[in-house]
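Encoded as structure tokens, the structure appears first; notes follow it.
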Amino acid sequence: MVTQTEKLAIEGGEPVRRGGFHGWPVVSERDEQALLEVLRSGRWGSHAGNKAREFEQRFAEFHQAKYAVTVANGTAALEVALRAAGIGFGDEVIVPPYTFIATASACLMVDAIPVFADIDPETYQIDPRSVEQRITPRTRAIIAVHIGGGPADMDGVLDVARRHGLRVIEDAAQAHGAAWHGRRVGALGDLGTFSFQSSKNLTAGEGGIVLTNSGELYDLAWSLANVGRIRQGAWYQHEILGWNYRLTEFQSALLLAQMDRLPEQIARREENAAYLAAGLAEVPGLRPLRRDPRVTTHAWHLFIGRYDAAVWDGIPRERFLQAWRAEGIPVSAGYTTPLHHLPVILREIARLEAIAAGGRQSYDGWIAAGRPHPSPDSRRGMCPVAERACYEEGFWFPQHILLGSRADMDAIIAAAHKLWRRREALRA
Ligand SMILES: *Cc1c(COP(=O)(O)O)cnc(C)c1O
């Protein structure tokens, strides 16, 4: 006989927890005041007010960077960074496949070809050895994604880049405040980009920023995000082709208010993540990602763990996660398709290659042929670690769970132990 408390929720037992985890975003009166101030000022656009400039300064300073340009979102930030770095038609940019689509789609938006390097099996960060193997005469840049908020191996990435004369862009959309060897991310390479989309650790609903230590790249990034204007120029003076990627003052004001909380939230996530990692590591077949000792601050946008089905009598990850969720635990599988298997990415790469092969004629031929692209199956095994992470191993907790209490972490750990004890029920 199985007691009612030992019976899994998927068998009709009592769940370990019923809701009550920490929510997101965090809002106080200060946020309301900040928004009202902008509303009443009548200066709603960033060209009219001073909130964007104030936020740029503050965010850059916090990340030990000289310059910042606010933009509409993290995808726009990547496009601006790529264009500022001189990346364009046919250039190859090495990116990891275990990331949000924007890391690769931003390359395609500027007519560059994303080339996928594998990730490290212990940290899930881009693997500098794999990066080096993907370099061709057309490689121009590397995008190092700080996945989950844990900085990528920047020593390794910067070393490969230096030896091959490549630009480095940090995709720090998940890594606000993270630090590598005591230096904050964002200006460790040539340019760094962040997102302030709703789920991110610093948010205004949407938004983004580009950081750099280079005055030249700053001017370019500013122009690219401001319809090609130059900073000291006239309103209708457009020197290069640029987007309008500006934020509203409402967003900048909100970001300034939210910034006040960031250091305290970083500390809280660090503390809970350490506790959760230690607790989950006690459960057979669950392994939190390894923290590289050179990571001095982890931003914990995601708490990522690895599930080993072989240890769990072959129970598929989906079944395990379904049962964990039934216990009231907000866990997900995270990215379930590596970007090098996404048909849209393969199709767009094929489009660029058709154009590169012979301009208009070969492009028209590609269209007439029905826009063919290689099948995802033909890409199996190209980045085996990222494939395993997506298809078999990875599980995630979002950042705001780590803002909760010690009891929240205990519930997550207790539910995992309960599933392990009753794993025979998962086999059904
Ligand atoms: C969120 C995210 C982006 C894109 O940011 P948006 O603001 O949603 O455009 C880019 N890269 C990574 C790794 C992200 O997580």
Side-chain angles (χ1 to χ4, degrees), residues 24-25 55 59 68-83 93-110 112 114 116-117 119 123-126 141-152 154 157 168-178 185-186 188-189 191-211 221 224-225 243-248 251-252 254-255 258 289 298-304 332-340 342 344-345 386 389-390 394 396-400:
W24 188 255
F55 175 66
F59 194 82
V69 181
T70 47
V71 293
N73 55 65
T75 309
L78 282 165
E79 291 173 28
V80 165
L82 285 160
R83 283 275 298 278
V93 180
I94 300 179
V95 303
Y98 192 78
T99 176
F100 185 60
I101 187 171
T103 311
S105 64
C107 300
L108 291 159
M109 288 292 190
V110 302
F116 295 96
I119 55 173
T123 64
Y124 280 8
Q125 305 292 344
I126 192 166
I142 305 166
I143 301 182
V145 180
H146 302 307
I147 202 72
M154 290 306 289
V157 168
V168 173
I169 294 170
E170 293 169 74
D171 181 344
Q174 305 184 355
H176 316 73
V185 300
L188 299 171
L191 296 130
T193 65
F194 294 78
S195 163
F196 307 123
Q197 180 264 350
S198 325
S199 72
K200 303 299 157 80
N201 295 23
L202 184 68
T203 183
E206 299 287 352
I209 204 165
V210 181
L211 298 186
L224 286 163
W243 297 275
N244 169 8
Y245 275 165
R246 291 187 300 272
L247 281 180
T248 65
Q251 291 162 288
S252 294
L254 200 47
L255 288 166
Q258 297 272 331
L289 290 182
H298 196 304
W300 296 109
H301 176 63
L302 304 166
F303 181 98
I304 306 180
S332 78
Y335 301 129
T336 48
T337 309
L339 296 184
H340 65 295
L342 263 194
V344 60
I345 299 288
C390 287
W396 290 6
F397 293 98
Q399 51 92 5
H400 52 95

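In listed order, ligands and their atoms are each counted from 1. Residue indices begin at 1 and follow the sequence shown.
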Main-chain N/O of [Y] paired to [X] side chain as donor or acceptor, under 3.5 Å:
X      : Y      : answer
Trp300 : Asn201 : no
Gln399 : Ser199 : yes
Thr336 : Cys390 : no
Tyr98  : Gln125 : no

Q: Would you kindly specify which portion of Thr99 sits under 4.0 Å from ligand 1, judged on non-hydrogen atoms: side chain, backbone, both or neither?
A: side chain
Q) What part of Lys200 sits under 4.0 Å from ligand 1 if we count only heavy atoms: the side chain, the backbone, both or neither? A) side chain
Q | Closest protein heavy atom to atom 11 (N) of ligand 1, given as residue, atom name and distance to 0.1 Å | A | Asp171 OD2, 2.8 Å
Q) What protein heavy atom sits nearest atom 15 (O) of ligand 1, and how far away is it? A) Gln174 NE2, 2.9 Å
Suppose I only count heavy atoms of [X] and a 4.0 Å limit; which atoms of ligand 1 are within that range?
X      : result
Asn73  : 7 (O), 9 (O)
Thr75  : 4 (C), 5 (O), 6 (P), 9 (O)
Ala102 : 4 (C), 10 (C)
Gln197 : 7 (O), 8 (O)
Ala173 : 2 (C), 3 (C), 10 (C), 11 (N), 12 (C), 14 (C), 15 (O)

Q. Taking both backbone and side-chain atoms of Leu78, is any N or O found less than 3.5 Å from an N or O belonging to ligand 1?
A. no
Q | Results of ring-ring contact (aromatic ring centres under 6.0 Å, His included) for His301 - residues two or more places apart only | A | none
**Q.** Side chains of Leu202 and Leu255 in contact at under 4.5 Å (non-hydrogen atoms)
**A.** yes
(Q) Run the side-chain hydrogen bond (donor to acceptor under 3.5 Å, both in side chains) test against His176 and tell me which residues pass, sequence neighbours left out. (A) none
Q) Atom CD1 of Ile169 and atom CD1 of Ile94: how far apart are they, to the nearest 0.5 Å? A) 12.5 Å
Q) Out of Gly207, Ala72, Gly148, Ser195, who gets a non-hydrogen atom closest to atom 5 (O) of ligand 1? A) Ser195
